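What follows is a single structure, written as structure tokens, with notes after it.
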Amino acid sequence: MADAGKLIEWSELMKAGAQGLEDERFAEACRAFDRAVELGRQMGQQELLSFSLRMQGMAHNRLGNFALARKALSESLGLARQAGNLRGQGEALCGLANVAYALDETAVAEDLFHEALEMFVEDRLRKAMVLCDLGVLYCNASRWEKASTSYHQALVICRELKEKHGEAEILVMLGELSRRRGCLEESALYLKDASMVFATLQDWRSLASTLQYLGLAYHDLGDLEKASESHRRALALWLDLGETEEVALVLFALGKLAQALDRLEEAEDYFLHSLDIVKDDPEASAYRHQNLGNLYLLRKNWEKAEENFKAALDLFTRTGKLERTGEMLETLGFLQEIAGDSKQAESYYLQALQVFNSSGSKKGLGEVYRTLGLLYEEAGRHKRALENLWRALNFYRELNPGDALQVEKEIQRISRRIRRERSS
């Protein structure tokens with residue numbers, strides 16, 4: 001018989017490890033399960049040891065310790081087979097499948113999930129969960145038909161068992177699958193059905209998330225009014241739940257939708273409210289300032305546009321977002337061109353080149369070299385214009401052959417002008 005004190009300690013460690021997994025404190029979970037495995041060996045309790053090893057493997061997998069995870073799960077599987085424990089075998093196989101999937105061993109993971117399904121003949125709900133895991137694997141591999149088959153098999157099981165929450169979650173997965181396949185109307189229908197089930201269950205958190213997905217589906221369909229309505233419903237729920245981070249995200253999305261619908265004052269309100277919530281988050285604030293800058297550009301409020309782009313520039317620089325930093329410098333250069341200050345515009349563009357060069361952004365370099373070329377042409381500095389346009393052309397030919405033709409025409413135009421000036 002196992003020592004009572006060790007059994008109690010083992011139980012407490014397993015609880016602590018499970019809580020660590022739930023809270024995504026994976027290092028703590030690993031330490032708890034490592035100790036639980038030691039106790040399982042000391043007590044000589046094979047069933048407890050197998051369970052401890054399985055949980056240890058899951059924790060190490062989440063922490064990225066794949067070799068340790070595979071070792072623990074393989075031992076757990078062996079013990080479960082010795083004991084004839086089908087559920088233990090199935091769980092260990094699923095764990096091994098997840099390790100293989102994390103290591104991009106997709107074929108191995110697929111085989112392991114299928115083997116696990118054979119272990120859950122009696123536990124149909126767990127079988128549905130494994131089918132969903134298979135669906136995710138197939139979906140990420142763009143094997144759409146197999147993904148659809150797996151999800152629908154899981155959906156049938158949940159409906160037969162009257163597991164409404166599982167049904168709704170699978171409907172969301174089917175919505176995502178349809179969106180990735182380009183079947184946008186079908187995606188919206190699945191998400192709408194999922195919303196209705198979550199509403200029936202009064203699962204307001206899941207309903208809010210699904211309404212956001214539904215809003216994105218309507219946006220992709222081009223129905224911006226329905227997209228806005230769906231996001232507003234989500235906003236009301238997140239406000240009731242007191243989830244300020246989600247509120248900020250939905251306000252931001254509503255701002256973009258209002259801007260697309262040419263309701264610019266409404267968009268401004270949404271962006272400002274969202275910015276106020278995330279003001280202590282530099283990166284999130286930077287994106288809000290960028291969108292406010294674009295909004296004020298549309299309204300031809302150059303002063304506020306510049307103010308927000310400069311704020312975004314400072315925040316993107318501080319957070320190390322080089323691509324965005326370069327974009328803000330480029331935009332500020334454009335604003336200076338509008339203001340008629342070509343010298344200041346040139347300064348911003350040259351800074352943007354330095355940033356894009358540091359980030360390795362060929363697209364950014366190509367666009368700024370072209371902009372500089374046209375700026376120099378306007379100033380009558382034709383040699384400098386040609387130098388920059390030729391540099392731009394090299395990038396355009398590599399990344400955007402369609403627009404390269406236009407750059408070639410610009411080079412030809414300036415070249416003709418130089419020849420005329422030389423002959424006159």
Side-chain angles (χ1 to χ4, degrees), residues 168-169 171-173 175-180 182-196 198-199 203-299 304-305 308-309 311-312 315-316 319 321 323-324 327-328 331:
E169 288 183 340
L171 287 168
V172 172
M173 291 177 181
E176 171 63 12
L177 170 63
S178 297
R179 184 191 66 79
R180 293 182 65 176
C183 305
L184 300 179
E185 291 183 2
E186 182 179 84
S187 176
L189 287 173
Y190 279 128
L191 292 170
K192 191 173 180 181
D193 287 347
S195 298
M196 293 173 66
F198 282 132
D203 183 347
W204 308 126
R205 189 177 300 276
S206 296
L207 175 58
S209 294
T210 306
L211 287 169
Q212 285 179 259
Y213 288 132
L214 182 58
L216 293 173
Y218 285 135
H219 177 274
D220 291 342
L221 282 166
D223 193 335
L224 302 188
E225 291 290 356
K226 278 191 175 180
S228 297
E229 178 187 349
S230 190
H231 276 92
R232 281 194 293 270
R233 289 174 63 197
L235 176 62
L237 289 167
W238 289 128
L239 285 167
D240 282 344
L241 291 165
E243 293 286 352
T244 54
E245 186 175 336
E246 296 296 337
V247 168
L249 288 171
V250 181
L251 286 168
F252 193 37
L254 282 166
K256 290 183 175 181
L257 286 165
Q259 182 173 321
L261 289 164
D262 202 32
R263 299 202 288 259
L264 302 186
E265 289 187 8
E266 183 181 334
E268 180 183 14
D269 285 341
Y270 282 132
F271 286 143
L272 288 172
H273 279 107
S274 183
L275 176 60
D276 187 56
I277 293 172
V278 302
K279 59 189 175 186
D280 294 327
D281 182 337
E283 185 177 337
S285 297
Y287 285 108
R288 270 67 174 179
H289 279 296
Q290 181 183 7
N291 277 267
L292 277 165
N294 290 328
L295 179 67
Y296 291 129
L297 268 183
L298 289 173
R299 296 172 67 175
K304 280 194 171 183
N308 279 277
F309 285 131
L315 291 164
F316 281 132
T319 53
K321 295 289 179 180
E323 291 279 336
R324 294 293 183 176
E327 289 173 13
M328 293 305 95
T331 304

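In this text, all values refer to a predicted model and were calculated from it rather than measured experimentally. Starting from 1, each residue takes its place in the sequence as its number.
Between the Asn308 side chain and the Lys304 main chain, a donor and an acceptor come within less than 3.5 Å of each other. Under the 3.5 Å distance criterion, the side-chain polar atoms of Ser274 are matched with a main-chain donor or acceptor of Ala248. Ser228 places a side-chain N or O within 3.5 Å of a backbone atom of Leu224 that can act as its donor or acceptor partner.
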Open item on the list: Before you tell me yes or no, could you show the steps for Phe316 and Glu327 under side-chain contact (heavy atoms from CB on, under 4.5 Å), namely the whole-Å CA-CA distance, both residues' side-chain angles and the distance that decides it to 0.1 Å?
Closed with: CA-CA 10 Å; Phe316 281 132; Glu327 289 173 13; over 6 Å; no

Task: Audit row: Phe309, Leu297, side-chain contact (heavy atoms from CB on, under 4.5 Å) steps and yes/no - done: CA-CA 10 Å; Phe309 285 131; Leu297 268 183; 3.8 Å; yes

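Here the CG-CH2 distance, from Leu211 to Trp204, works out to 10.5 Å after rounding to the nearest 0.5 Å. In this structure, CG in Leu214 is found 10.0 Å from CG in Asp193, a value given to the nearest 0.5 Å. Here Glu246 contributes atom CD and Ile277 contributes atom CD1; the two are 11.0 Å apart, rounded to the nearest 0.5 Å. Distance check, rounded to the nearest 0.5 Å: CG of Leu235 to OG of Ser230 gives 11.5 Å. Expressed to the nearest 0.5 Å, how far CG of Asn291 lies from NE2 of His289 amounts to 11.5 Å. Annotation: the span from Leu216 atom CG to Leu191 atom CG amounts to 9.0 Å, rounded to 0.5 Å.
Closest approach of Ala234 and Ala208 over heavy atoms only: CB-O, 3.6 Å. Of all heavy-atom pairs spanning Pro282 and Leu315, the tightest one is O-CB, 3.7 Å. Heavy-atom minimum distance, Ala312 versus Ala286: CB-O, 3.6 Å. The nearest pair of heavy atoms linking Gly215 to Ala227 is O-CB, 3.3 Å.
Residue pairs that meet the salt bridge (charged side-chain N to carboxylate O under 4.0 Å, His left out) test with at least one member in residues 231-240, sequence neighbours left out, do not exist here. For the salt bridge (charged side-chain N to carboxylate O under 4.0 Å, His left out) condition, no pair includes a residue of residues 286-297, sequence neighbours left out.
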With a 3.5 Å cut-off and sequence neighbours excluded, list the donor-acceptor pairs that the side chains of residues 252-269 form with protein atoms.
residue: Arg263; atom: NE; partner: Glu266; partner atom: OE1; Å: 2.9
residue: Arg263; atom: NH1; partner: Glu225; partner atom: OE2; Å: 3.1
residue: Glu268; atom: OE1; partner: Arg299; partner atom: NH1; Å: 2.6
residue: Glu268; atom: OE2; partner: Tyr296; partner atom: OH; Å: 2.6

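Inter-residue side-chain proximity for Tyr218 and Ser187 is flagged as unmet; no heavy-atom pair is nearer than 4.5 Å. Looking at heavy atoms from C-beta onward, Val172 lies in side-chain contact with Phe198 at the 4.5 angstrom threshold.
Looking at Arg179 and Glu176, a side-chain N of the basic residue comes within less than 4.0 Å of a carboxylate O on the acidic one, giving a salt bridge.
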